[in-house]
Amino acid sequence: MKLYGLIGHPLKHSFSAQMFNGKFQYEQLDCRYRNFDLKSIEELKPLIESLPELCGFNVTIPYKETIIPLLDEIDPLAKEIGAVNTVKISEGRLLGYNTDAYGFEKLLEKALKERSIEHALVLGSGGASKAVQYVLRQKQIPFSVVSRSADKGDYTYDTLTDEVLRQSHLIINATPVGMFPHDDFPEIHYPVLGKQHILIDLIYNPKETAFMILGKDWHAKAYNGMTMLEEQAKRSWEIFR
């Protein structure tokens, strides 16, 4: 039996195992998928050594960037993005890829419906944010990054002004803030939003996050990350096979 999995911490929110195992059962494939909750990336090597049947794994927070030095080879796209969410194990070698960008592109197409955006805001500066930024650059959508650290973004949440929020008609939450089991939300000034705004939350559990609910309260449209999850998983499986 071939084994696949997901590494990250925490993993209580994840639907990946349920989704992949459902696929394996439906297609009668001799495979299974497990969650591996690693408290540090240093636990990865012993894990791989203990599981010779492991053929590949997905990577989620907080390891999409820190895993890169542990890889034997990285796909050019993942290298350009600066983050890896899919690793194939081939003849003992770890090969890194990024399918988040593909998944986010599909989600963005669903949310925009060919609408043009003059400026976007990306909340967060981690691995998921880097995939989002890559897609926005490819789509030629100008954007700014909001980060808790002043050296990692264009704004911090304290310096983000109402005027910037008003002019940024696409706002993407690429942070884990609001992920199950928590119900918190990015600290932006929601009352300045309006029906011209589109909010995308990369979180898919819960189905409707506090970020989405607050946006809808001020008449913004809001989308969760389920489409991105499904699409990046399809691309991951193509790589695993």
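Note that the coordinates shown come from a computational prediction; the quantities given were computed from them, not determined experimentally. One-based numbering along the sequence shown.
Of all heavy-atom pairs spanning A128 and L202, the tightest one is CB-CD1, 3.9 Å. Contact between S14 and Y204 at its shortest, heavy atoms only, is CA-OH, 3.3 Å. Across all their heavy atoms, Y63 and L38 have their closest contact at OH-O, 2.5 Å. Annotation for S129 and V122: closest pair OG-CG1, 3.4 Å, computed over non-hydrogen atoms. Between T99 and S236 the shortest heavy-atom distance is OG1-OG, 3.2 Å. Pairing each heavy atom of N224 with each of K207, the nearest pair is ND2-O, 2.8 Å.
Take R115 and apply the salt bridge (charged side-chain N to carboxylate O under 4.0 Å, His left out) test, not counting sequence neighbours, and it matches no residue. Applying the side chain to side chain donor-acceptor pair (under 3.5 Å) criterion to D72, with sequence neighbours excluded, gives no partner residue. In terms of the salt bridge (charged side-chain N to carboxylate O under 4.0 Å, His left out) criterion, residue partners of E27 (sequence neighbours excluded) are, by chain and number, K23. Taking K234 as the reference, E231 meet the salt bridge (charged side-chain N to carboxylate O under 4.0 Å, His left out) condition, with sequence neighbours excluded. Judged as a side chain to side chain donor-acceptor pair (under 3.5 Å), and not counting sequence neighbours, the contacts of T159 are T156.
Inter-residue side-chain proximity for Y155 and V164 is flagged as met; some heavy-atom pair is nearer than 4.5 Å. Proximity of I200 to F104: side-chain heavy atoms (C-beta onward) are separated by under 4.5 Å at one or more points. The shortest distance between side-chain heavy atoms of V59 and T86 does not fall below 4.5 Å. Within the 4.5 Å cutoff, the side chain of M226 has heavy atoms near those of the L229 side chain. With a 4.5 Å cut-off on side-chain heavy atoms, F36 and L51 count as touching. Annotation: side chain of F240 is not in contact with side chain of C55 (no heavy-atom distance under 4.5 Å). K2 has its side chain out of reach of E53: every pair of non-hydrogen atoms, C-beta onward, lies at least 4.5 Å apart. Looking at N21 and Q18, their side chains never come closer than 4.5 Å, going by heavy atoms from C-beta outward.
Grouped by direct or indirect side-chain proximity (heavy atoms under 4.5 Å, Ile/Leu/Val/Met/Phe/Trp/Tyr only), M179 sits with I61, I203.
Sorted by first and then second residue, the side chain to side chain donor-acceptor pair (under 3.5 Å) pairs with a member in residues 42-51 read S40-E42; sequence neighbours excluded. For residues 163-182, the salt bridge (charged side-chain N to carboxylate O under 4.0 Å, His left out) pairs, not counting sequence neighbours, are E163-R166. Sorted by first and then second residue, the side chain to side chain donor-acceptor pair (under 3.5 Å) pairs with a member in residues 208-222 read D201-T209, E208-K216; sequence neighbours excluded.
If you check the side chains of N85 and N58, you find no donor sitting under 3.5 Å from an acceptor. Side-chain N/O atoms of K106 and T227 include no donor and acceptor closer than 3.5 Å.
Separation of the F24 and W237 ring centroids falls under the 6.0 Å cut-off. Two rings, from Y4 and F57, have their centers 6.0 Å or more apart.
No continuous path of ILVMFWY side-chain contacts below 4.5 Å connects L136 to L121, so the two sit in separate hydrophobic clusters. In the hydrophobic cluster analysis, where Ile, Leu, Val, Met, Phe, Trp and Tyr join through side-chain heavy atoms closer than 4.5 angstrom, F211 is grouped together with Y157. There is no path of hydrophobic side-chain contacts, each under 4.5 Å, that joins F180 to F15. The cluster map of Ile, Leu, Val, Met, Phe, Trp and Tyr, joined by side-chain heavy atoms under 4.5 Å apart, puts I172 and Y134 in the same cluster. Note on L71: it clusters hydrophobically with L54, by side-chain heavy-atom contacts below 4.5 Å among ILVMFWY residues.
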Show me the donor-acceptor pairs, under 3.5 Å and distance only, between side chains in residues 183-198 and residues at least two apart or in other chains.
residue	atom	partner	partner atom	Å
D184	OD1	G178	N	2.9
H189	ND1	D162	OD1	2.9
H189	ND1	D162	OD2	3.1
Y190	OH	P186	O	2.7
H197	ND1	G194	N	3.1
H197	NE2	L165	O	2.8
H197	NE2	S168	O	3.3

For a quick test of your reading: what N or O donor-acceptor pairs under 3.5 Å do the side chains of residues 140-148 make, sequence neighbours left out?
residue	atom	partner	partner atom	Å
S144	OG	H119	NE2	3.0
S147	OG	S125	OG	3.2
S147	OG	S149	N	3.1
S147	OG	S149	O	3.4

Hey, can you pull the donor-acceptor pairs under 3.5 Å for the side chains in residues 73-84, sequence neighbours left out?
residue	atom	partner	partner atom	Å
E73	OE1	R93	NH2	3.1
D75	OD2	L77	N	3.0

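No side-chain donor-acceptor contact under 3.5 Å links T60 to the backbone of G8.
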Open item on the list: Let's go through L199 and L170 carefully: what are the C-alpha distance in whole Å and the side-chain angles of both, what is the deciding distance for side chain to side chain contact (heavy atoms under 4.5 Å, CB included) to 0.1 Å, and is it a yes or a no?
Closed with: CA-CA 6 Å; L199 272 55; L170 174 64; over 6 Å; no
* To do: Mind running side chain to side chain contact (heavy atoms under 4.5 Å, CB included) on L44 and L70 for me, showing each step along the way?
  => CA-CA 9 Å; L44 179 61; L70 305 182; 4.2 Å; yes
Applying side chain to side chain contact (heavy atoms under 4.5 Å, CB included) to I67 and I41, what does each step give before you reach the verdict?
CA-CA 7 Å; I67 194 172; I41 195 64; 4.3 Å; yes
For E118 and H169, what are the C-alpha separation, side-chain angles and deciding distance, and is it a side chain to side chain contact (heavy atoms under 4.5 Å, CB included)? CA-CA 8 Å; E118 293 184 3; H169 292 169; over 6 Å; no
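At a threshold of 4.0 Å, the pair K64-D100 counts as salt-bridged, since one of the basic side-chain nitrogens sits closer than that to a carboxylate oxygen. Look at E109 and K139 and you find a salt bridge, because one of the NZ, NE, NH1 or NH2 atoms lies within 4.0 Å of a carboxylate O, short of that distance.
Remark: Q28 CD is loosely packed, at most 12 non-hydrogen atoms of other residues, nucleotides or ligands lying under 6.0 Å away. Summarising the local packing, NZ of K39 is surrounded by 12 or fewer heavy atoms from other residues, nucleotides or ligands at distances under 6.0 Å.
Rounded to the nearest 0.5 Å, atoms NZ (K12) and NE2 (H182) are 8.0 Å apart. Between the NE2 atom of H13 and the CG atom of N205 there is a distance of 7.5 Å, given to the nearest 0.5 Å.
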